[in-house]
Amino acid sequence: MNHEMRREVLRLLTLAGAAPIAAMPGLGMAAEDKPRRGGLAVLGTDQKPRHLNPAVQSGIATIMPGAQLFATPLRFDDKWNPQPYLAESWTFSDDGKSITLKLRRNAVFHDGRPITSEDLAFSVRTVQAHHPFKSMFAPVTGVDTPDAHTATIHLSDPHPALLLAMSTGLLPVIPKHVFDDGQDMKKHSMNSKPIGSGPFKLVEFKPGQHIIMERHDKFFLEGRPYLDRLIIRNFTDTASIMLALEKGEIDVHPYITNGVDIARMKRAPDVTVHANAAAALGPLIWVAFNLENPVLADKRVRHAIAHAIDKPTIVANVFQNGPDVATGPISLHSPLYSADVPGFAYDIDKAKALLTEAGYKTDGSDERLNFRIDWIPSAVYKALAEYVRPELAKIGITLALRNAPDFPTWARRISSYDFDLCIDSAWNWGDPVIGVHRTYLSSNIRKGVIWSNTQQYRNDKADMLMEAAGKEMDPARRKALYAQFQALIVDDMPVLPVMETNVHLAARPRIGNPPLSIWGPNGPMDEMFVKDA
């Protein structure tokens, strides 16, 4: 970006609060649906990344900008189909224990150095060693690089989740010549000013304020990205983002989940709202149980709690129909979802009967049991805890609300098993191997590690089903295995799924091709354009 262009970008950022984008000179032209090159698009978010290298960091705060700065071997469309990206083709071996990728010969990093199979191999090793999603590449035993544009990934077992694990920010291809210098990868000096492989180059990263990116003119897909510039602006909260979108100060609000906010955006003039805008994320919110608590170890107590919580009413009244009612451990939007699971309809009498059967009778008072309930520090989770408290009081269970002052305090309590019940959340991340197994595998009970199996759930059959499904390459057989798994988990109930956040994306009409693949704004935005560029 030259000096004049950079100055103009900063001017737009400064003036965003005073002048809507649509009113700025040159932006009132007639809209066209055909992609065109040029222009600036601004996204608003309250997610604030510490750095920009998703190879060593999970979460949408890092992945959204990371997917623009780094290319991955594959990408996915909105129908769950893998598509070529940095790899123009791939082939599994007959036994499913290796995959050979052919990389594009014209691909270069932002510093002009060629992207080679050695960079891909280095990236796989980096993610294996440092990314918290250990199951993504656990079966990988090595990567052969017979030539500069061929890489063969070897596996100990077939790995049907591998294609998804090589998309979005889960496997960013990072330059070996930059990062392989002996520094601690999680603290590497280039994590905040990376030389990338993706459609956009970093211009400026001011943590908590903005990320400014410009087109990578030597991007391997001819003619892309369409945008000259892409800016991610940070806001304090989603209300500020919505106001900025309504005023035309930003073009896209990528993450809307609250029903009230969704309704507001649908009423806003010159704003289009897209539902289910990131289906692969699968963010589930649940009540987690500490199964080492001798009372909660009795499944009848957990089932009683399930019957006392009216999930449809919570979704409709507390969250204004923003989320979906969750039924099990796998996202409603996943191709592997099964609705054939035990039901726990709202039934206070049945809940009371289960507690009595478990030996917890009233002794003249209204209280049968008492527990603490924690929640991730957030208004959403606090609201759910406050709703659950009086519901469980109806069946004689007293809940003591225990607020955590900050996320580290909450994470330390839950990961060290200092809890009874907890309003928690975990995401599917496209495939159960990546985002679901971690909650239920007995081998993933890892004290001190948040979003592992902090419920301390142990079930040999569940372990066997996950192992079998995690290796099964036949889609129909794999889905059948996961159907058994979902029915088992819902009945065992180490967690009680309550709702699934349905991510909505809102964009102004000047934006063409908003990011609506299964990864939504967490995927590359090389196809997004402005109609009035």
Side-chain angles (χ1 to χ4, degrees), residues 35 39-49 52 54 57-72 74-80 83 85 164 167-172 196 198-200 202 205 210-213 215 224-227 229-235 237-238 240-242 244-245 249-258 261-262 265 271-283 322 331 333 427-430 435 500-530:
L40 162 72
V42 184
L43 284 75
T45 180
D46 58 359
Q47 299 286 322
K48 299 176 176 63
L52 301 173
Q57 177 72 45
S58 66
I60 59 176
T62 306
I63 284 182
M64 184 168 71
Q68 317 319 316
L69 296 168
F70 296 99
T72 51
L74 280 67
R75 65 197 300 170
F76 274 72
D77 63 18
D78 61 346
K79 306 297 184 188
W80 294 82
Q83 302 291 333
Y85 195 33
L164 268 165
S167 69
T168 188
L170 299 176
L171 182 57
F200 293 95
L202 181 66
F205 171 38
H210 61 247
I211 304 166
I212 302 174
M213 294 169 278
R215 177 194 294 119
R224 298 192 205 158
Y226 294 126
L227 295 171
R229 290 153 286 163
L230 178 64
I231 297 175
I232 299 175
R233 280 188 59 192
N234 284 128
F235 290 82
D237 51 46
T238 190
S240 302
I241 304 171
M242 289 190 295
L245 185 66
E249 296 170 7
I250 63 172
D251 297 298
V252 180
H253 184 348
Y255 304 109
I256 314 172
T257 58
N258 183 280
D261 294 345
I262 294 167
M265 288 292 92
V271 172
T272 302
V273 178
H274 303 272
N276 194 25
L281 295 182
S331 166
H333 304 292
W427 297 13
N428 273 209
W429 285 106
E500 178 178 347
T501 302
N502 189 330
V503 177
H504 288 60
L505 178 145
R508 297 191 65 81
R510 69 189 297 265
I511 295 297
N513 289 344
L516 297 174
S517 73
I518 62 167
W519 292 117
N522 305 290
M525 300 183 198
D526 57 306
E527 296 179 294
M528 190 165 74
F529 67 99
V530 290

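Please read these numbers as outputs of a predicted model, since none were measured by experiment.
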I'd like to check [X] versus [Y] (side-chain heavy atoms, cut-off strictly below 4.5 Å). Are they in contact?
X    : Y    : answer
P514 : V252 : no
P283 : T257 : no
L164 : W80  : yes

Say whether, by atom type as modelled, one donor and one acceptor occur between the side chain of [X] and the main chain of [Y] under 3.5 angstrom.
X    : Y    : value
N428 : G435 : no
T168 : L170 : no
R508 : I250 : no
T501 : V503 : no
N234 : Q47  : yes

Interatomic spacing from [atom1] in [X] to [atom2] in [Y] - rounded to 0.5 Å:
X    : Y    : atom1 : atom2 : result
D261 : M242 : CG    : CE    : 3.5 Å
E527 : F529 : CD    : CZ    : 10.5 Å
M213 : L69  : CE    : CG    : 5.5 Å
I232 : F205 : CD1   : CZ    : 10.0 Å
D251 : M528 : CG    : CE    : 7.5 Å
M64  : L52  : CE    : CG    : 11.0 Å

[X]: side chain to side chain contact (heavy atoms under 4.5 Å, CB included) partners, not counting sequence neighbours:
X    : answer
D78  : none
A506 : L245, H253, I256, M265, V271, V273
S240 : F235, T236, D237
P54  : T62, I63, F70, P172

Contact summary for [X] and [Y], nearest pair of heavy atoms:
X    : Y    : answer
S331 : A279 : OG-O, 4.3 Å
A41  : V530 : CB-CG1, 4.3 Å
I60  : P65  : O-CD, 4.2 Å
G282 : E500 : CA-OE2, 3.7 Å

Tell me, please, which residues at least two apart from Y85 pass ring pair (Phe, Tyr, Trp, His ring centres under 6.0 Å).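 F220.
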
Tabulate below the donor-acceptor pairs under 3.5 Å that side-chain atoms of residues 516-525 make, not counting sequence neighbours, or state none.
{"residue": "S517", "atom": "OG", "partner": "W519", "partner atom": "N", "Å": "3.1"}
{"residue": "S517", "atom": "OG", "partner": "G520", "partner atom": "N", "Å": "3.4"}
{"residue": "W519", "atom": "NE1", "partner": "S167", "partner atom": "OG", "Å": "2.9"}
{"residue": "N522", "atom": "OD1", "partner": "Y255", "partner atom": "OH", "Å": "2.7"}
{"residue": "N522", "atom": "ND2", "partner": "W519", "partner atom": "O", "Å": "3.1"}

Residues in side-chain hydrogen bond (donor to acceptor under 3.5 Å, both in side chains) with [X], at least two apart?
X   : result
T45 : none
Q57 : R50
Q83 : D77

